[in-house]
Engineer: 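Can you read through this structure? Questions will come right after.
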Amino acid sequence: MVLSGNDKSNVKGVFGKIGPHCEDYGAETLERMFTVHPQTKTYFPHFDLHRGSAQIKAHGKKVAGALLEAVNHIDDIAGALSKLSDLHAQKLRVDPVNFKLLGQCFLVVVAVHHPSLLTPEVHASLDKFLCTVSTVLTDKYR
Amino acid sequence: MVHWTAEEKQLIASVWSKVNVEECGAEALARLLIVYPWTQRFFASFGNLSSPTAIIGNPKVRAHGRKVLTSFGEAVKNLDNIKATYAKLSELHCEKLHVDPENFRLLGDILIIVLASHFARDFTPACQFAWQKLVSVVAHALARKYH
């Protein structure tokens, strides 16, 4: 799967608009993921997972930051997220299926807050981008 | 049998009562064909699917989207008996239509996004949970008679 020129500009467009809210959206993405797919909580036994928890906020900020980093280096996402990819392969070892769940929840958050931004074409591009990020993060798993 | 809490039933019914089945159905199917273009394989007879604009404007897509979402309404009306509700449709999708059940999951995911964009903040995490559960149960029921 390759991100076309259109995909890249669609993705940059979305993150350009949601930029200021990115950290909040990161936290909301996690909250939704923990609520909708409770099995994802198994990776966070050390967290306070109540709504609005400081840990969820902080982790949401990290996740959003990583996505932004990928957007800012959209021509070389593998390079930009290489260290994060190592971390997931060696330490975190989050089962690959969960990245899809996180991606879906992120799309829901964008749809909830910016419905007019998420046209079908943009939806497609963003979905492809999130898939690409997931692939990069799980690429070194074995 | 699937267990639904009273809250889940209420969240599902409340969202469904406000859904424009024709519009939502058309949008969901169009998005499926645009976001996951390989799903177009089932719709060779639908005519022009050559671009997102063509897909969104395609009257066969609109009509079929409406048909699909109308059928979804049967699940909403029969939450306690979804398996039986879709038994015949399951056989149809296997024996006549030859649709990989993965496509039901893809459509379910798309429907969630469409609902989120229409209901915005009213599509709370609890609401998303109930609807994610519903689309999973429907997908499972539709795959149940496959052989």
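Below, chain A is the first sequence line, B the second, and so on; all start at residue 1. All values below come from the heavy atoms of this structure, side chains included, with hydrogens, waters and symmetry mates left out.
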Engineer: For chain B, find which of A:Ala111, A:Ser125, A:Ala124 contributes the most heavy-atom pairs closer than 4.5 angstrom.
Structural biologist: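 Highest number of pairs under 4.5 Å: A:Ala111.
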Engineer: Report yes if some heavy atom in the side chain of B:Phe129 is under 4.5 Å from a heavy atom in the side chain of A:Pro38; otherwise report no.
Structural biologist: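 The answer is yes, as the side chains (C-beta and beyond) meet within the 4.5 Å cut-off.
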Engineer: Which answer fits B:Phe119, side chain, backbone, both or neither, if we ask what part of it has an atom under 4.5 Å from a heavy atom of chain A?
Structural biologist: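 It is neither, since no heavy atom gets under 4.5 Å.
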Engineer: Please classify the contact of B:Thr124 with chain A as side chain, backbone, both or neither, using a heavy-atom distance under 4.5 Å.
Structural biologist: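 Contact with chain A involves the backbone of B:Thr124 alone.
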Engineer: Compare all side-chain heavy atoms of B:Lys133 with those of A:Val36 and state whether any distance is below 4.5 angstrom.
Structural biologist: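 A side-chain contact is absent here, since even the closest heavy-atom pair is not under 4.5 Å.
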Engineer: Would you mind reporting whether A:Lys128 and B:Val35 have side-chain heavy atoms less than 4.5 Å apart?
Structural biologist: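 No, their side chains stay 4.5 Å or more apart.
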Engineer: Do A:Glu121 side-chain atoms and B:Pro52 backbone N/O form a donor-acceptor pair below 3.5 Å?
Structural biologist: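 Pair absent, no side-chain N/O of A:Glu121 close to backbone of B:Pro52.
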Engineer: So A:Val112 and B:Ser117, do their side chains get closer than 4.5 Å, heavy atoms only?
Structural biologist: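 No, their side chains stay 4.5 Å or more apart.
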Engineer: Please examine the side chains of B:Gln128 and A:Cys105, heavy atoms only from C-beta on, and report whether any two atoms are closer than 4.5 Å.
Structural biologist: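 A side-chain contact exists here, since the closest heavy-atom pair is under 4.5 Å.
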Engineer: Chain A heavy atoms under 4.5 Å from B:Ile56: which part of the residue, side chain, backbone, both or neither?
Structural biologist: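 Only the side chain of B:Ile56 comes within 4.5 Å of chain A.
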Engineer: How far apart are the closest heavy atoms of A:Gln104 and B:Asp109, and which atoms are they?
Structural biologist: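 Smallest heavy-atom distance, with atoms named: NE2-O, 3.1 Å.
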Engineer: Name the option with the most non-hydrogen atom pairs under 4.5 Å to chain B; the candidates are A:Arg51, A:Met33, A:His114, A:His37.
Structural biologist: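 Ranked by contacts with chain B, first place is A:His37.
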